[in-house]
Every structure is written in structure tokens, then in C-alpha cells.
Amino acid sequence: MFRRTRDREFRDAQRAGQALLAMHTELPLPNTPATDAATAPAAPEAAEVPDFLPPEFRAPSRQDVSGLMMRWDLPLVIDGEVHACHCGAYRNWIVFNMRDDSVWLRCPAGHEAKEERLSTAWYNRNSGPVDHFHPNLEDGLRHLGH
Ligand SMILES: [Zn+2]
């Protein structure tokens, strides 16, 4: 599921995220909330430049990363039943939501399986805001404790 090309895409997205964070920390805090800035009409000088920010400075969207991942420490109940890996593990999962909308589960022993009963909609309902971008899968797994 995690081919080298996907790793590279993920790494690129990570770099973009880091560039954005670096930019945010270097810019003075705006006086208005970010939501106001986003809805405010573009300044005339900005309108003359089609791509105001180079791609590497744009916030990565879901389409820019290979996938999202989160910890799921509690037993995972799917269709009313506690889901267990073939090795017997039933908690401390890492849940992946891939760009193709598939959801994968990884047990603490490292077994990965696509879970057809879960979807991006389920993932969105159960995940918090994205707070980290990882250069590769291994880094993300380490961050999440696997
Ligand atoms: Zn397992």
C-alpha cells in the first residue's frame, strides 16, 4: 500500500507543511483573525499575480498528501462488534485514510488491512484536526507510537 512514490509525495507534502509553518512563525501575527483575511478581497497588487504564493508555500490540502493517519487506542467497534486483527490485537490501532478514500487499519504488530466498512466520512467524523505532517510513513508511525 505504501509504495516509494507515495512516500515521496508524502515527503513533498511534508516539506510544504514545514515551509508554511516556517513562514507563519516568521510573519508577525495578523491583527485580524485568519478567517477575515481569507474572505477579504485580494489586494490589487496580489490580484495582478496569478499565483501569489508558490506551490511550496501553500497549505497542503487532502489532495496533496498520500494520506492521513491517527491513533485509535480504544477497541474499535465496527458494525456493533469489536474489530480484531487476525493476530488477536483489538486496540492501539493506527487508522489510515488514503487519498483514494480507503481506510486501512494497522495493528500494534504491524499488520495492515483495508477496512471496507470504514470510509473517509467515518474518518472525518472521528479524527481531530491535522496537526502534523510527516516526511514519511515511518516518521508518522513513530509519532503515533507504533
Ligand atoms: Zn495484527
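Order of listing sets the numbers, starting from 1, for every ligand and every atom in it.
Side chain of Asn97 to main chain of Ser102: a donor-acceptor pair is present (N/O by atom type, distance under 3.5 Å, no hydrogens or angles). At distances below 3.5 Å, at least one donor-acceptor pair connects side-chain atoms of Trp72 with backbone N or O atoms of Leu74.
Side-chain contact check for Leu137 versus Met69: some heavy-atom pair is nearer than 4.5 Å. Between Leu76 and Glu115 there is no side-chain heavy-atom pair separated by less than 4.5 Å. The shortest distance between side-chain heavy atoms of Trp93 and Cys107 falls below 4.5 Å.
Excluding waters, the protein N/O/S atoms found under 2.8 Å from the Zn ion (ligand 1) are Cys85 SG, Cys87 SG, Cys107 SG, His111 ND1.
Atom-to-atom distance recorded for Arg71:CZ and Asn92:CG is 7.0 Å, nearest 0.5 angstrom.
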